[in-house]
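After the structure tokens below, expect a handful of questions from me.
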Amino acid sequence: APETQLTDEEREAMRRKAEEERRALAERQLKDQEVNQVLEDELRRRRKWLSEVPLFKGLARDGSFLQALAEKLEVRTQRRKHVIIAKGDVGREMYFIVRGEAEVLTALDEPAFITLKEGSFFGESALLTEEPRNAFVRAKKTLQLYVLSKTSLAEVFKEFPDVEKIVKEPSEQRKIARIKAEEEVA
């Protein structure tokens, strides 16, 4: 078979093409690193929020539990005046305000008795009990929320049964005390 010789121009074109491919690969890798950093920063922020919820207080040492929980949070946006929690409903989710404000009301036609701002959370008792919601929560401004569902929490508890006992203990103790108090009154 006859040998084919590359011309200097063909060699230069191949070198340029290889260099362009290396540069494109390096740019993609940098973008991947940037995306990974953004995702890691977001998970870190979510873990911090979760560690500040009284329900999960003291579990910050268990980074793997909070990490698993942080990965389950959904992002949701609600328009101004949208009712997020209706008084009397059985809750299935808790909420963290990332941006915006919400108002807590005893009735929708009455003034709010508290305004919740960025960093606040609400609805956490719904994750542990079947008791109806005790107030309305309505978006005062457009809200960006992290949402943790009861189902997602149960999935994480399956991986961390010891943590489940720690989280549920205070709620169980309050329930026992309430039942005893009701029996004494009766």
Side-chain angles (χ1 to χ4, degrees), residues 30-60 62-160 163-164 166-168 170-171 174-175 178:
L30 182 59
K31 287 178 184 170
D32 287 347
Q33 288 173 345
E34 291 169 351
V35 167
N36 287 337
Q37 186 60 52
V38 167
L39 292 173
E40 186 53 43
D41 290 347
E42 177 67 11
L43 281 173
R44 190 175 306 113
R45 187 167 81 173
R46 291 177 180 197
R47 284 192 309 268
K48 181 184 181 301
W49 285 45
L50 288 167
S51 71
E52 293 173 2
V53 175
L55 193 60
F56 307 122
K57 215 41 149 199
L59 298 175
D62 192 342
S64 54
F65 170 75
L66 292 179
Q67 176 72 22
L69 217 49
E71 291 172 1
K72 296 286 187 181
L73 293 178
E74 287 178 45
V75 176
R76 192 176 298 164
T77 302
Q78 299 291 352
R79 288 194 177 126
R80 182 177 174 271
K81 298 291 183 189
H82 178 82
V83 175
I84 301 150
I85 288 180
K87 184 176 181 177
D89 286 357
V90 174
R92 308 224 182 297
E93 299 171 321
M94 80 169 292
Y95 306 87
F96 304 85
I97 300 176
V98 179
R99 282 193 196 87
E101 293 181 358
E103 50 191 4
V104 183
L105 315 101
T106 53
L108 291 174
D109 58 352
E110 292 180 13
F113 64 87
I114 192 165
T115 297
L116 303 171
K117 299 181 185 271
E118 289 180 20
S120 299
F121 57 88
F122 56 94
E124 67 277 12
S125 63
L127 298 180
L128 301 177
T129 72
E130 293 295 325
E131 295 175 14
R133 303 282 195 172
N134 58 14
F136 291 94
V137 179
R138 179 173 63 196
K140 186 173 181 178
K141 297 179 177 180
T142 299
L143 282 176
Q144 182 183 0
L145 302 164
Y146 289 142
V147 181
L148 178 62
S149 72
K150 195 172 197 168
T151 304
S152 293
L153 181 61
E155 289 170 6
V156 175
F157 277 159
K158 284 180 188 173
E159 297 174 45
F160 300 90
V163 174
E164 179 178 16
I166 294 168
V167 169
K168 288 186 172 182
S171 177
R174 283 192 301 276
K175 185 177 179 180
R178 189 178 64 246

* Counterpart residues, salt bridge (Lys or Arg N to Asp or Glu O under 4.0 Å), relative to Glu93 (two or more places apart) -> Arg76

* Structure fact -> Sequence neighbours excluded, the answer for ring pair (Phe, Tyr, Trp, His ring centres under 6.0 Å) partners of Phe122 is Tyr95

* Asked: Would you say the side chain of Val98 lies within less than 4.5 Å of the side chain of Val75, judging by non-hydrogen atoms?
  -> no

* To do: Using the test side-chain hydrogen bond (donor to acceptor under 3.5 Å, both in side chains), find all partners of Arg99 that sit at least two apart in sequence or belong to another chain.
  => Gln144

* To do: Not counting sequence neighbours, which residues clear side-chain contact (heavy atoms from CB on, under 4.5 Å) with Lys72? List them please.
  => Leu148, Ser152, Glu155, Val156

* Asked: In chain order, what residues pass the salt bridge (Lys or Arg N to Asp or Glu O under 4.0 Å) check against Glu118, with sequence neighbours excluded?
  -> none

* To do: Please say whether more than 12 non-hydrogen atoms of neighbouring residues, nucleotides or ligands are located less than 6.0 Å from CG in Asp89.
  => yes

* **Pairs involving residues 79-88, ordered by first then second residue, that meet side-chain hydrogen bond (donor to acceptor under 3.5 Å, both in side chains) (sequence neighbours left out)** => Gln78-His82

* Asked: Are more than 12 heavy atoms from other residues, nucleotides or ligands located less than 6.0 Å from atom NZ of Lys141?
  -> no

* Asked: Of all residues at least two apart in sequence or in a different chain, which pass the side-chain contact (heavy atoms from CB on, under 4.5 Å) check with Ala112?
  -> Glu103, Leu105

* Structure fact -> Those residues at least two apart in sequence (or on a different chain) that pass salt bridge (Lys or Arg N to Asp or Glu O under 4.0 Å) with Glu71 are none

* To do: Just jot down the side-chain hydrogen bond (donor to acceptor under 3.5 Å, both in side chains) partners of Glu42, sequence neighbours excluded, or say none.
  => Arg45, Arg46, Tyr146

* To do: Return the set of residues passing side-chain contact (heavy atoms from CB on, under 4.5 Å) with Asp41 (not counting sequence neighbours), or none when no residue passes.
  => Gln37, Arg44

* To do: For Lys140, enumerate each residue passing the side-chain hydrogen bond (donor to acceptor under 3.5 Å, both in side chains) test, keeping only those at least two apart in sequence or located in another chain.
  => none

* Structure fact -> Sorted by chain and residue number, the side-chain contact (heavy atoms from CB on, under 4.5 Å) partners of Ser120 (sequence neighbours excluded) come out as Ile97, Leu116

